[in-house]
Number of protein chains: 2
Amino acid sequence: MSTPPGRRRGPSKGDRRERAILETARALLARKPLADITIDELAAGAEISRSSFYFYFDSKLSVLVALLHGMAGELGRDAGPWLDGAGPDTTALREALIPLARLWREHGRMLAGALAAAPGCPPLAQWRERLRAAHVDRLAARITRDRAAGLAPDGPEPRVLAGLIDDLRTAALAGSADPEALVDDLVTVELRMIYGDFGDHHPAG
Amino acid sequence: MSTPPGRRRGPSKGDRRERAILETARALLARKPLADITIDELAAGAEISRSSFYFYFDSKLSVLVALLHGMAGELGRDAGPWLDGAGPDTTALREALIPLARLWREHGRMLAGALAAAPGCPPLAQWRERLRAAHVDRLAARITRDRAAGLAPDGPEPRVLAGLIDDLRTAALAGSADPEALVDDLVTVELRMIYGDFGDHHPAG
DNA sequence: TTACTTCTCGACAGTACGTCGATAAACTCG
DNA sequence: CGAGTTTATCGACGTACTGTCGAGAAGTAA
């Protein structure tokens with residue numbers, strides 16, 4: 001359910017087909033959930049027969065996983081300054097959230113679909129877990145540092161708090177029709193979760 | 001997909017069958033997601049044939065919806081003191097969260113499954129929306145009152161903030177293996193989201 | 001050409017869904 | 001009781017989608 005079955009290597013024509021399947025999937029996922037997409041549609045989009053589809057992927061879930069992996073890098077981009085910094089750095093947090101929100105605007109249906117399908121499909125669950133862990137680990141470390149430095153008040157276990165922040169972020173972005181409009185509010189709220197209102201003043205209405 | 005097809009009224013034997021289906025569904029949903037449950041299983045659990053199932057419900061989603069409606073009341077119970085009160089009332093918030101967490105411990109799989117299936121099934125989406133609206137409306141009003149009274153700092157639009165809190169709560173409870181262990185941390189974090197650290201001190205490690 | 005890998009497809013088998021019409025069981029009321 | 005109606009049950013059917021198999025067409029290279 002996760003590794004391609006037939007192909008070996010070679011930059012040949014079947015590659016274009018594989019791309020076409022991925023492209024078709026991306027297009028369809030922007031309009032409807034995975035469950036409503038049939039292998040026929042995917043195959044038709046790549047101009048091959050349904051059976052041929054199975055030469056490239058072993059299920060539509062594999063297609064989604066491939067799509068998601070292709071996007072893995074983008075999801076954590078620009079988070080460095082915030083996650084590796086210290087104190088209630090509004091700007092850094094915002095700079096981390098903006099590209100994330102953009103990604104959610106562009107691929108929201110796909111990401112939300114993947115998240116919803118994750119419990120019940122190990123490879124998807126693993127993908128989500130990895131992403132979450134990457135965020136939580138670094139954020140928890142940051143919280144620990146800030147508390148030690150007296151920059152943040154005591155509170156929930158850093159890892160738990162970081163988990164709550166990740167949950168909030170994901171749920172909010174997944175649920176919103178206009179994720180980018182949420183950025184400023186998310187900044188405020190995430191900072192409050194960590195710092196109380198240490199030096200925080202709401203940036204924009 | 002949402003209203004029963006055949007039955008009229010009368011406290012007769014078919015009622016027991018309907019109950020049996022609901023019971024079976026509840027039991028199965030505790031172990032696996034809706035997608036992995038077949039009508040056959042539901043029918044077998046109620047000791048009727050697959051076709052007979054359709055006399056009672058028109059799909060397994062309808063069963064889930066019925067189950068959910070039967071639980072609608074419990075979900076908002078004990079939230080009154082918190083939602084109708086004022087200021088960072090740790091106790092009231094905790095009293096609201098405890099029964100909620102208990103419910104999530106007992107029926108977490110079912111609730112999480114319903115949430116995951118909601119986008120893609122109007123009746124479920126509606127159910128979720130109603131629940132969310134009920135919470136958000138009252139909480140937003142509370143935030144507005146508290147700000148007017150100088151009890152809470154300014155921040156995101158009350159409705160937006162309330163929405164974020166609802167998202168956080170739901171996502172956190174849905175994702176946790178032990179929701180009740182999360183209550184104290186949720187209390188801390190929700191209060192911080194609304195009040196910054198106005199008078200808040202973390203209750204328990 | 002031959003020999004090989006890459007790619008394609010039709011045909012098949014399996015599973016689950018939802019509908020229909022025939023009929024059985026249970027109630028109702030004369 | 002027994003005729004009529006509602007309530008409940010089921011088998012058979014048609015449909016949609018999934019995934020596999022094996023035959024073989026293209027492409028590539030000696």
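Proteins get letters first, then strands, A, B, ... in listed order; numbering begins at 1 in each. Below, all heavy atoms of this structure are taken into account, side chains as well, without hydrogens, waters or symmetry copies.
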Does anything in residues 36-46 of chain A form a side chain to side chain donor-acceptor pair (under 3.5 Å)? List the pairs, not counting sequence neighbours.
A/Lys32-A/Glu41
Quick one: are A/Arg31 and A/Arg109 in side-chain contact, heavy atoms under 4.5 Å?
no
Verify the contact: side-chain N or O of A/Tyr56 to OP1 or OP2 of C/dT8, cut-off strictly under 4.0 Å; return yes or no.
yes
Which residues satisfy the salt bridge (Lys or Arg N to Asp or Glu O under 4.0 Å) test with B/Glu74, sequence neighbours excluded?
B/Arg77
What residues, two or more places apart in sequence or in another chain, satisfy side-chain hydrogen bond (donor to acceptor under 3.5 Å, both in side chains) together with A/Asp89?
none
Just how far, in rounded Å, is P of D/dT28 from CG of A/Asp15?
12 Å
Check the distance between D/dC13's P and B/Tyr54's OH and give it to me in whole angstrom.
18 Å
Mind checking what makes side-chain hydrogen bond (donor to acceptor under 3.5 Å, both in side chains) contact with B/Ser176, not counting sequence neighbours?
none
In this structure, how many angstroms lie between the C1' atom of D/dT7 and the CD atom of B/Glu18, rounded?
13 Å
Could you tell me the separation between the CG atom of A/Asp40 and the P atom of D/dT15, rounded to a whole number of Å?
16 Å
The criterion is salt bridge (Lys or Arg N to Asp or Glu O under 4.0 Å); which residues satisfy it with A/Arg142, sequence neighbours excluded?
A/Asp146
Looking at A/Lys60, I'd like to know whether one of its side-chain N or O atoms comes within less than 4.0 Å of OP1 or OP2 on D/dC17.
no
Whole-Å distance, B/Glu41 CD to C/dA16 P, equals 8 Å
When rounded to whole Å, the CG to P distance for the pair B/Leu61 and C/dA16 reads 17 Å
Distance-only donor-acceptor pairs under 3.5 Å for side chains of residues 129-137 of chain B, two or more places apart:
unit_1   : atom_1 : unit_2   : atom_2 : d
B/Arg132 : NH1    : B/Asp167 : OD1    : 2.5
B/His135 : ND1    : B/Asp166 : OD1    : 2.7
B/His135 : NE2    : B/Arg169 : NH1    : 3.4
B/Asp137 : OD1    : B/Arg159 : NH1    : 2.8
B/Asp137 : OD1    : B/Arg159 : NH2    : 3.2

Atom CZ of A/Arg16 and atom P of C/dT6: how far apart are they, to the nearest Å?
16 Å
Scan residues 20-30 of chain A against DNA chain D and write down, sorted by residue number, each residue with any heavy atom closer than 4.0 Å; if none is found, say none.
none
Please tabulate, one pair per line, each protein N/O and nucleotide N/O from nucleotides 9-15 of chain C that are separated by under 3.5 Å, including the distance.
unit_1 : atom_1 : unit_2  : atom_2 : d
C/dC9  : OP2    : A/Ser49 : N      : 2.7
C/dC9  : OP2    : A/Ser49 : OG     : 3.4
C/dC9  : OP2    : A/Ser52 : OG     : 3.2
C/dG10 : N7     : A/Ser51 : OG     : 3.1
C/dG10 : O6     : A/Ser51 : OG     : 3.0

Tell me which donor-acceptor pairs under 3.5 Å the side chains of residues 115-127 of chain B have, and how far apart each pair is, sequence neighbours excluded?
none

Taken to the nearest whole Å, CZ/B/Phe57 to P/C/dC17 is 15 Å
For B/Ala96 and B/Trp82, work out which heavy atoms get closest and say how close.
CB-CB, 4.2 Å
Among the nucleotides C/dG18, C/dT6, D/dT9, whichever has the atom closest to the side chain of A/Phe55 is C/dT6
